Each structure stands twice: as structure tokens, then as C-alpha cells.
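All chains are named by letter (A, B, ...) in the order of the sequence lines, taking the proteins before the strands, and each is independently numbered beginning at 1. Everything numeric here is computed off the predicted structure, so don't read it as measured data.
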Amino acid sequence: MSRSFRAMKGTRDLLPNETIRWRQLETVIHDTMKAWSYGEIRTPVFEMTELFARSVGEESDIVSKQMYTFTDQSKNSLTLRPELTAPTMRAYIQHNLARDGALTKLYYMDTLFRQERPQAGRMRQFSQFGAEAIGSPHPEQDAEVISLICAILNKLGVINLEVVINSIGSAHSRDRYRDELVNFLTPLKNQLSETSQRRLDTNPLRILDTSDEGEQAILADAPDIMEFLDGEDLSHFEELQDHLTEFGIDFRRDKSLVRGLDYYTRTTFEITSPNVGAQSALCGGGRYDDLIAQLGGKPTPAVGFAAGIERILIAAGEHKETSLEGVSVYVVTVSDNTRSAAAKLADNLRQNGVTASFDTLRRSVKAQLREANRLSSSHAVFLGDDELNSGSVEVKELDSGLQSKVAIEEIISHFTID
RNA sequence: GUGGGGGUAGCUCAGUUGGUUAGAGCUCCAGGUUGUGGCCCUGGUGGCCGCGGGUUCAAGUCCCGUCCCUCACCCCA
């Protein structure tokens with residue numbers, strides 16, 4: 001086994017028994033997005049590296065150490081997308097989607113790439129779906145986006161969810177807070193971890209979501225961002241909470257919820273599940289009112305989320321096998337003389353929309369029936385010399401074991417009219 | 001990048017203080033019905049015991065190295 005190829009670290013194959021669940025989940029997502037009037041967008045797997053550096057932030061972990069970056073033959077620095085909000089906004093600007101209306105609602109479902117050490121719920125190639133509502137600065141839009149992901153998770157049967165929200169303010173109020181936080185932490189600098197000390201210069205807000213207990217104790221006395229939000233930030237945050245309550249969504253406010261992407265303004269949120277292991281975030285999102293302008297578009301407010309499909313599948317747990325419904329026929333070849341007749345019959349059934357199989361291993365009747373059983377076929381059709389001579393075949397209903405004769409001319413209608 | 005756990009049949013795993021031809025369950029294949037499945041019975045296929053080196057009369061078992069998987073830290077979906 002050591003000599004054969006295997007899927008690269010952090011990637012995996014989805015085998016037929018798993019793709020069934022994936023399809024079910026994808027169907028729920030597409031249907032719900034449609035019901036909420038979000039249109040699907042699909043963007044290329046790679047983009048200019050600069051797009052992510054500018055939007056996600058040079059200092060973010062994603063850009064500083066997790067990207068699959070390469071140089072193409074034209075010496076362009078390209079990167080396999082590590083997230084999908086920036087590419088979606090790039091496309092929004094490039095195609096001037098704003099002309100279609102004051103509000104543009106987009107969703108995506110695709111694979112992303114981050115070069116991290118894999119663990120439960122974290123892969124190097126992974127899948128996300130997400131929604132972006134572009135054009136509305138108002139809190140009801142934030143609430144709609146949050147209720148959208150909650151609706152999808154509910155439909156998927158994911159339970160034990162926790163919705164956590166916070167506001168990190170708009171750019172100017174956040175700047176004032178950042179200065180204050182730096183003032184507070186600088187005298188305590190030598191009590192901070194190495195990475196936090198570095199972040200004090202590069203991205204002080206990120207220190208807030210440390211998991212180090214000593215640092216958490218220090219931060220307990222740190223200034224609260226709520227005290228620095230301006231009036232509009234505050235009312236936005238309060239209205240968001242009112243709307244969530246109206247939607248019947250339970251949530252918790254966590255002032256340490258900062259998130260690792262630089263483009264957020266005001267609302268940030270996360271939905272977590274305890275059943276995934278350490279990687280408990282199923283969904284993360286927030287408002288990013290400045291991003292489109294940063295990427296060269298007309299200043300346009302927007303809010304969205306991204307959710308991890310692998311994590312959702314883990315959180316949803318095992319689902320009972322949904323057995324195949326409807327008719328499926330196994331044509332049993334009883335004698336060597338009837339091989340081509342059996343193949344032809346199966347083909348004829350398929351042409352008429354009936355799921356059908358026949359034996360290509362030249363196995364015994366017993367083995368063919370075992371195969372029919374393994375395939376969960378609903379019926380077996382026996383085709384041997386007697387049947388060819390008499391012009392009628394034996395049709396056996398596999399659940400009940402009942403068997404009857406059906407004229408060959410009527411076999412198609414026998415299964416299609418059922 | 002840093003830790004913990006683990007690599008024996010397709011899958012899940014057992015394998016004693018080193019000791020003959022390395023085991024079980026499930027799966028798969030075949031037979032038990034000269035043309036009839038599931039359940040049951042019988043038999044069979046399938047192993048560089050992750051890889052390399054060392055110790056020993058003898059290594060799946062002990063030692064060293066190495067690769068891979070996995071969980072966790074960091075961070076995130």
C-alpha cells in the first residue's frame with residue numbers, strides 16, 4: 001500500500017455512499033437560496049494573489065501562512081482561493097452587477113484551499129457555501145442573512161447550535177477603540193504571549209480572541225468596544241438584535257468575537273456546534289461595508305456569511321439511509337442463449353426510464369439474484385430458453401417473493417405504468 | 001511549526017514474558033437447489049505485520065531512524 005498513490009494530505013475522496021448525503025445537502029441549499037432570491041455565482045478556483053492580500057489582510061493567518069500560491073508562466077502570482085467573499089466582490093465589481101438593482105443577493109457553493117495542518121472538521125481542500133447581500137447598510141439585512149443560514153441549518157437537521165454576535169464598529173470608531181486597547185495593553189506587554197505582542201503592532205483587535213487564560217484575565221479589564229461605538233454603530237447593533245428576536249433566533253453577544261478577516265465592519269457573527277470537535281464554527285460572517293471600495297468599486301455596503309459543508313455534515317451526524325424509491329429491475333440471464341436478449345431487454349427498459357441492470361459476469365442465477373438484492377432492486381425478470389420460446393418472462397417482486405408471467409411485448413408497460 | 005495517539009486482510013480489530021505454516025468478525029466469491037435473492041450452514045479468496053536498519057539461534061512483538069494517518073495547539077468554515 002505504501003507504493004500506491006493516495007489522496008494528498010488534507011484532501012479526500014467522496015465515495016458513492018457519501019455523495020448521496022452531499023447531494024441531499026446541496027439540494028437543500030440551492031432550494032433555500034432560491035426561495036430567498038439569492039442567485040448563484042461561480043468564480044474561478046484561482047485569483048491574483050493581490051486580491052486576497054488586499055481584502056483578507058496581509059497580517060491575517062490566511063494570507064500570511066495558509067495560501068497555496070504559485071507563479072504562472074507569465075510570472076503572475078496566483079493563489080488558489082482561500083475564501084470566497086473577495087472573489088465574489090471582485091466579480092460583482094468586474095461585471096457591474098450593481099446595475100441590476102440597488103440590492104444584489106448572491107450565493108456560492110464551491111471548494112476552497114488552505115494549507116493548514118488537517119484535523120477533525122478541517123481539510124486543506126474543503127467546501128463552503130455562503131451568501132452575500134450587497135447594497136443595504138441596514139440591520140434588517142444583517143438579520144436576514146443570519147436567519148437564512150439558520151433556516152438552512154434547521155432544514156439540514158443540525159441541532160445544538162449557538163449563534164454568537166458582536167459589533168466591531170465602523171472604521172473610525174474601531175480606530176479609536178484600537179488606540180485605546182493599545183494604550184491599555186502596552187504597559188502589560190511583557191505579560192502577553194509572543195504572538196499577542198506582535199499583534200499589538202500589527203492587529204491589536206485579534207488579541208481579544210486569545211484562548212490563553214492568563215491573557216483572558218488581563219483582557220477582562222480591557223476597554224469594551226461597545227463604549228467606543230458611535231451612535232449609528234450602536235443603534236445598528238441594537239436593531240440587529242431586535243430583528244433577530246423577531247425572527248425567533250436565540251443568540252449570545254460575545255465581545256471577544258473579532259474574527260480573523262480584516263474586512264469586517266460593525267456586525268460579526270458565528271454559529272457553532274459542539275459536535276464537530278475542536279473546530280466548532282460551522283458558519284462565520286459579518287458586515288463589510290468598506291471592502292468593495294477597497295477593491296476599487298463604488299463604495300457599497302454588504303453583509304454575508306460562509307459555512308463549512310464538511311463541518312455541517314459532521315454536526316448533522318449520521319442520517320438513516322434513504323432507500324431508493326421506485327422500480328428497479330434486474331434482468332436475470334438464465335441460459336447462455338439468452339445473454340443478448342437479456343442485455344437488450346435491460347437496455348429497452350433503461351430507454352424507457354426504468355432503472356435496470358443485467359449480468360455481465362456470466363454468473364449463476366443464484367449469484368445474479370444476490371446481486372439484484374445487493375442493488376436493492378425491486379424486481380427480477382427471468383429470461384431463459386423457456387421464456388424465449390413462450391414469449392413471456394417470469395417477473396418476481398423481490399420484497400414479497402411473488403412471481404408472475406408477463407408477455408415480453410408488455411414488459412415495458414408493466415414497469416412504466418406501475 | 002509544536003505536542004498526544006496510532007499504522008497487522010477491502011473494513012473494524014486481536015495477537016501473551018520475542019518461539020513453528022499470523023488470527024477473528026464483517027465484506028467479497030463459491031457450494032448447499034442440473035433456472036430463484038435476503039436468513040442459515042459449509043468452504044474459499046485476500047497480509048512485504050507502513051518502510052529501512054539494528055539486537056537475537058529466532059522479531060508483528062525489543063531498539064534506532066523514517067514515512068504516513070489521526071487528534072489537539074495556532075487559527076479558522
Name the pairing partner of [N], where a pair is Watson-Crick or G-U wobble with both distances under 3.5 Å, or state none.
{"N": "B:U56", "result": "none"}
{"N": "B:G7", "result": "B:C67"}
{"N": "B:A22", "result": "none"}
{"N": "B:C73", "result": "B:G1"}
{"N": "B:C48", "result": "none"}
{"N": "B:G43", "result": "B:C29"}

Phosphate-side-chain proximity, [X] and [N], N/O vs OP1/OP2 below 4.0 Å:
{"X": "A:Arg122", "N": "B:U70", "result": "no"}
{"X": "A:Arg363", "N": "B:C29", "result": "yes"}
{"X": "A:Arg370", "N": "B:A30", "result": "yes"}
{"X": "A:Gln368", "N": "B:G37", "result": "no"}
{"X": "A:Lys9", "N": "B:C68", "result": "no"}
{"X": "A:Arg199", "N": "B:C75", "result": "yes"}

Closest-nucleotide ordering on RNA chain B, the 5'-leading residue of A:Leu402 and A:Glu371
A:Glu371
Heavy-atom nearest nucleotide on RNA chain B for A:Val276 versus A:Gln279: which residue maps closer to 5'?
A:Val276
Could you tell me how far [M] sits from [N] if I compare only their [atom1] atoms? Round to whole Å.
{"N": "B:A58", "M": "B:U12", "atom1": "P", "result": "35 Å"}
{"N": "B:C13", "M": "B:U17", "atom1": "P", "result": "22 Å"}
{"N": "B:G18", "M": "B:A24", "atom1": "C1'", "result": "23 Å"}
{"N": "B:U27", "M": "B:C11", "atom1": "C1'", "result": "7 Å"}
{"N": "B:U61", "M": "B:C49", "atom1": "P", "result": "10 Å"}
{"N": "B:U20", "M": "B:G37", "atom1": "C1'", "result": "44 Å"}
{"N": "B:A9", "M": "B:G65", "atom1": "C1'", "result": "28 Å"}
{"N": "B:A14", "M": "B:G7", "atom1": "P", "result": "8 Å"}

Among all residues two or more places apart in sequence or in another chain, which pass the side-chain hydrogen bond (donor to acceptor under 3.5 Å, both in side chains) test with A:Asp175?
A:Arg178
When the aromatic ring centroids of A:Tyr263 and A:Tyr288 are compared, is their separation below 6.0 Å?
yes
Would the A:His379 and A:Tyr330 ring centres measure less than 6.0 Å apart?
no
[X] side chain: which of [options] is closest?
{"X": "A:Leu369", "options": "B:A72, B:U36, B:C75", "value": "B:U36"}
{"X": "A:Lys396", "options": "B:A72, B:U36, B:C75", "value": "B:U36"}
{"X": "A:Asp399", "options": "B:G35, B:G38, B:C75", "value": "B:G38"}

Using a cut-off of 4.0 Å on non-hydrogen atoms, how would the nucleic acid contact of [X] be classed: base, sugar-phosphate, or nothing?
{"X": "A:Val334", "value": "base"}
{"X": "A:Ala367", "value": "sugar-phosphate"}
{"X": "A:Met8", "value": "nothing"}
{"X": "A:Glu387", "value": "base"}
{"X": "A:Arg81", "value": "nothing"}
{"X": "A:Gly121", "value": "base"}
{"X": "A:Arg374", "value": "sugar-phosphate"}
{"X": "A:Arg114", "value": "base"}
{"X": "A:Glu83", "value": "nothing"}
{"X": "A:Ala120", "value": "sugar-phosphate"}

Could you tell me whether the side chain of A:Arg117 has a donor or acceptor atom within less than 3.5 Å of a complementary atom in the base of B:C71?
no
Nearest whole Å is fine: how far is [N] [atom2] from [X] [atom1]?
{"X": "A:Arg124", "N": "B:C75", "atom1": "CZ", "atom2": "C1'", "result": "14 Å"}
{"X": "A:Ile207", "N": "B:C74", "atom1": "CD1", "atom2": "C1'", "result": "15 Å"}
{"X": "A:Lys405", "N": "B:G35", "atom1": "NZ", "atom2": "C1'", "result": "12 Å"}
{"X": "A:Gln128", "N": "B:A77", "atom1": "CD", "atom2": "P", "result": "7 Å"}
{"X": "A:Met67", "N": "B:C76", "atom1": "CE", "atom2": "P", "result": "15 Å"}
{"X": "A:Lys65", "N": "B:C75", "atom1": "NZ", "atom2": "C1'", "result": "6 Å"}
{"X": "A:Gln119", "N": "B:G5", "atom1": "CD", "atom2": "P", "result": "17 Å"}
{"X": "A:Glu310", "N": "B:C76", "atom1": "CD", "atom2": "C1'", "result": "13 Å"}

For the pair [X] and [Y], find out whether any cationic side-chain nitrogen is under 4.0 Å from an anionic carboxylate oxygen.
{"X": "A:Glu26", "Y": "A:Arg23", "result": "no"}
{"X": "A:Glu132", "Y": "A:Lys105", "result": "no"}
{"X": "A:Asp142", "Y": "A:Arg266", "result": "no"}

A:Glu116 and salt bridge (charged side-chain N to carboxylate O under 4.0 Å, His left out): which partner among A:Arg122, A:Lys65, A:Lys9?
A:Arg122
Determine whether a donor-acceptor pair (N or O, by modelled atom type, separation under 3.5 Å) exists between the side chain of A:Glu387 and the backbone of A:Gly384.
yes
Testing A:Thr265, A:Asp233, A:Asp290, A:Asp289 for side-chain hydrogen bond (donor to acceptor under 3.5 Å, both in side chains) with A:Ser170, which one passes?
A:Asp233
Decide, applying a 5.5 Å centre-distance limit and a 30° plane-angle limit (both strict), whether A:Phe382 stacks on B:G35.
no
